[in-house]
Amino acid sequence: MAFPNSASNITLPGQQNLTGDEEALFRDKFIPKVMLLYEAKCVLNGLFREESLSGENAYTETVMGRTKVKTQQNRGDYLQSELVESAKVTIGLDNPEYAKIAVDRTDRMKTKILIDNHFRKEMASAMAKYTEGRRICELAKAARASHALTSEVGGSVMSGVDLSTESSLSGKGEMLYDAISNGVQTFRDKDVDDELFVVLTESHIKYLRKYERVLNSDYGNNANTQTWGLQGTLAGVHVLVSNHANSFYGTNVTEIEKHEVDMTNTVALMFARDAILETKLQGNQWYFIDDPDRREYRIQIDAVQGCGVLNPTCALEISKAS
């Protein structure tokens with residue numbers, strides 16, 4: 001027999017089918033909507049290798065040098081071993097990261113969470129800025145790093161691309177277009193034949209749209225939004241337009257723990273997929289905390305992840321430094 005005031009007899013705002021679970025609707029509706037916003041804001045999602053860890057706090061990969069084809073001249077030539085250089089690259093985890101919101105502990109405010117996109121937007125934006133910021137920081141580090149193998153070429157920095165020296169928008173667009181084109185040549189000269197990407201800001205798009213050669217090229221008029229992710233190609237390079245690049249380029253990034261890097265002179269970053277690697281021990285996990293003492297209701301997301309340089313050959317920084 002259920003008591004008159006038991007949970008199953010009370011219409012709680014977050015309850016579903018009178019189960020007494022006060023958070024059911026919040027889990028079913030709030031979390032998916034936050035994650036959809038988060039995915040939309042992370043234009044770099046899915047572009048890098050990811051390794052899931054179990055009972056470990058780091059991922060170690062052995063990178064090998066290149067072997068060469070040789071012709072056999074005498075019997076037994078194939079027994080002569082060729083030394084192939086190798087080295088280990090270790091990428092660890094960051095400290096646990098979290099984003100949370102807290103609202104007044106009332107049924108009315110709980111109900112509002114389901115319909116007010118402000119809460120969803122705040123959490124999704126905070127998560128995306130940290131995740132994308134970590135990737136951008138590591139791409140900048142990769143472009144400036146030497147390779148773990150002495151026989152391989154490391155990252156590349158293209159200096160002297162100072163868009164402020166051009167007064168017209170079309171002039172800035174031409175300078176940026178030429179830099180990206182030269183970046184493609186740099187990658188191909190280093191024998192990187194993978195797909196290439198460039199992370200641009202909305203300001204870059206404004207410059208490029210004024211440059212006649214771009215308007216008449218394969219890039220077309222696709223750069224209309226900052227949330228689409230892949231936006232066509234420019235000089236054969238996939239274009240990514242990110243609000244987060246706009247936040248981190250031109251600054252000394254200090255708020256992304258363990259990934260701090262000075263990008264004061266960074267104009268743009270180009271990369272192939274193997275430039276960095278992401279590690280994950282715990283993906284996004286959600287917690288609902290009802291705190292009577294503080295008279296508030298909190299929704300929190302936790303994650304334990306990491307990111308580091310894997311193959312710097314696959315990264316290039318376009319810099320305004322002379």
Side-chain angles (χ1 to χ4, degrees), residues 37-45 47 121 124-125 128-137 139-140 143 156-187 195-253 255-256 261-272 275 315-322:
L37 282 171
Y38 168 73
E39 293 290 338
K41 291 174 180 290
C42 290
V43 300
L44 298 177
N45 269 357
L47 294 183
K121 182 178 179 181
S125 296
K129 184 175 182 180
Y130 198 90
T131 301
E132 294 284 86
R134 175 169 50 205
R135 293 163 172 163
I136 289 171
C137 287
L139 283 174
S156 302
V157 177
M158 185 186 302
S159 302
V161 185
D162 189 350
L163 302 182
S164 65
T165 60
E166 288 288 339
S167 57
S168 66
L169 296 182
S170 61
K172 296 177 188 291
E174 181 178 4
M175 180 180 287
L176 183 58
Y177 178 86
D178 288 343
I180 294 172
S181 299
N182 291 335
V184 175
Q185 180 180 347
T186 299
F187 279 114
E195 286 183 292
L196 299 178
F197 302 83
V198 60
V199 186
L200 300 179
T201 69
E202 191 63 29
S203 294
H204 294 144
I205 299 304
K206 181 173 66 174
Y207 304 151
L208 290 166
R209 292 169 77 177
K210 293 294 184 180
Y211 180 40
E212 291 183 359
R213 186 172 179 184
V214 171
L215 290 177
N216 296 321
S217 72
D218 57 346
Y219 188 71
N221 293 306
N222 292 325
N224 297 317
T225 174
Q226 292 174 314
T227 59
W228 285 0
L230 287 176
Q231 311 210 13
T233 59
L234 180 66
V237 180
H238 294 288
V239 176
L240 303 166
V241 185
S242 170
N243 281 341
H244 306 105
N246 195 55
S247 300
F248 294 110
Y249 291 172
T251 64
N252 187 1
V253 182
E255 66 266 40
I256 308 297
V261 61
D262 189 347
M263 287 192 282
T264 305
N265 293 317
T266 302
V267 175
L269 293 168
M270 297 178 64
F271 66 92
L316 180 145
E317 178 185 13
I318 299 173
S319 173
K320 67 179 180 181
S322 57

With heavy-atom distances below 4.5 Å as the criterion, would you say the side chains of [X] and [Y] are in contact?
X	Y	answer
Leu200	Leu208	yes
Leu44	Ile136	yes
Ile180	Ile318	yes
Thr233	His238	yes
Val199	Arg135	no

Run the salt bridge (Lys or Arg N to Asp or Glu O under 4.0 Å) test against Glu255 and tell me which residues pass, sequence neighbours left out.
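None.
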
Residue pair Leu163, Lys320: steps toward the side-chain contact (heavy atoms from CB on, under 4.5 Å) verdict
CA-CA 7 Å; Leu163 302 182; Lys320 67 179 180 181; over 6 Å; no

Nearest non-hydrogen partners of [X] and [Y], listed with the distance:
X	Y	result
Ala275	Ala315	CB-CB, 4.1 Å
Val237	Val198	CG1-N, 3.6 Å
Ala268	His204	CB-CE1, 4.4 Å
Met270	Val184	CE-N, 4.0 Å
Ser181	Ala235	OG-CB, 3.6 Å
Ser168	Gly171	OG-N, 3.0 Å

Just how far is it from atom [atom1] of [X] to atom [atom2] of [Y], taken to the nearest 0.5 Å?
X	Y	atom1	atom2	value
Phe248	Thr201	CZ	OG1	13.5 Å
Thr186	Met158	OG1	CE	4.5 Å
Thr266	Leu139	OG1	CG	10.5 Å
Ser242	Lys129	OG	NZ	11.0 Å
Lys210	Lys172	NZ	NZ	13.5 Å

Can you sort out the partners of Tyr38 under side chain to side chain donor-acceptor pair (under 3.5 Å), two or more places apart, ordered by chain and number?
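Partners of Tyr38 by the side chain to side chain donor-acceptor pair (under 3.5 Å) criterion, ordered by chain and then number, come out as Thr131.
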
Side chain to side chain donor-acceptor pair (under 3.5 Å) with Ser167: which residues, sequence neighbours excluded?
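Partners of Ser167 by the side chain to side chain donor-acceptor pair (under 3.5 Å) criterion come out as none, since no residue qualifies.
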
For [X], side-chain contact (heavy atoms from CB on, under 4.5 Å) partners two or more places apart:
X	result
Asp178	Glu174
Lys121	Ser125
Ala272	Val192, Asp194, Leu196, Cys314

Does a side chain donor of either Glu202 or Asn246 reach within less than 3.5 Å of an acceptor in the other side chain?
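No, no side-chain donor-acceptor pair sits under 3.5 Å.
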
Please answer whether the main-chain N or O of Leu269 pairs with a side-chain N or O of Tyr249 as donor and acceptor at a distance below 3.5 Å.
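It does hold such a pair.
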
Hey, can you tell me if Phe197 and Phe271 have their rings parallel, tilted or perpendicular (30° and 60° cut-offs)?
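Judged by the thresholds at 30° and 60°, the geometry between Phe197 and Phe271 is parallel.
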
From CA spacing to verdict: side-chain contact (heavy atoms from CB on, under 4.5 Å), Arg209, Leu169
CA-CA 9 Å; Arg209 292 169 77 177; Leu169 296 182; over 6 Å; no

side-chain contact (heavy atoms from CB on, under 4.5 Å) between Lys41 and His244, worked out
CA-CA 9 Å; Lys41 291 174 180 290; His244 306 105; 4.3 Å; yes

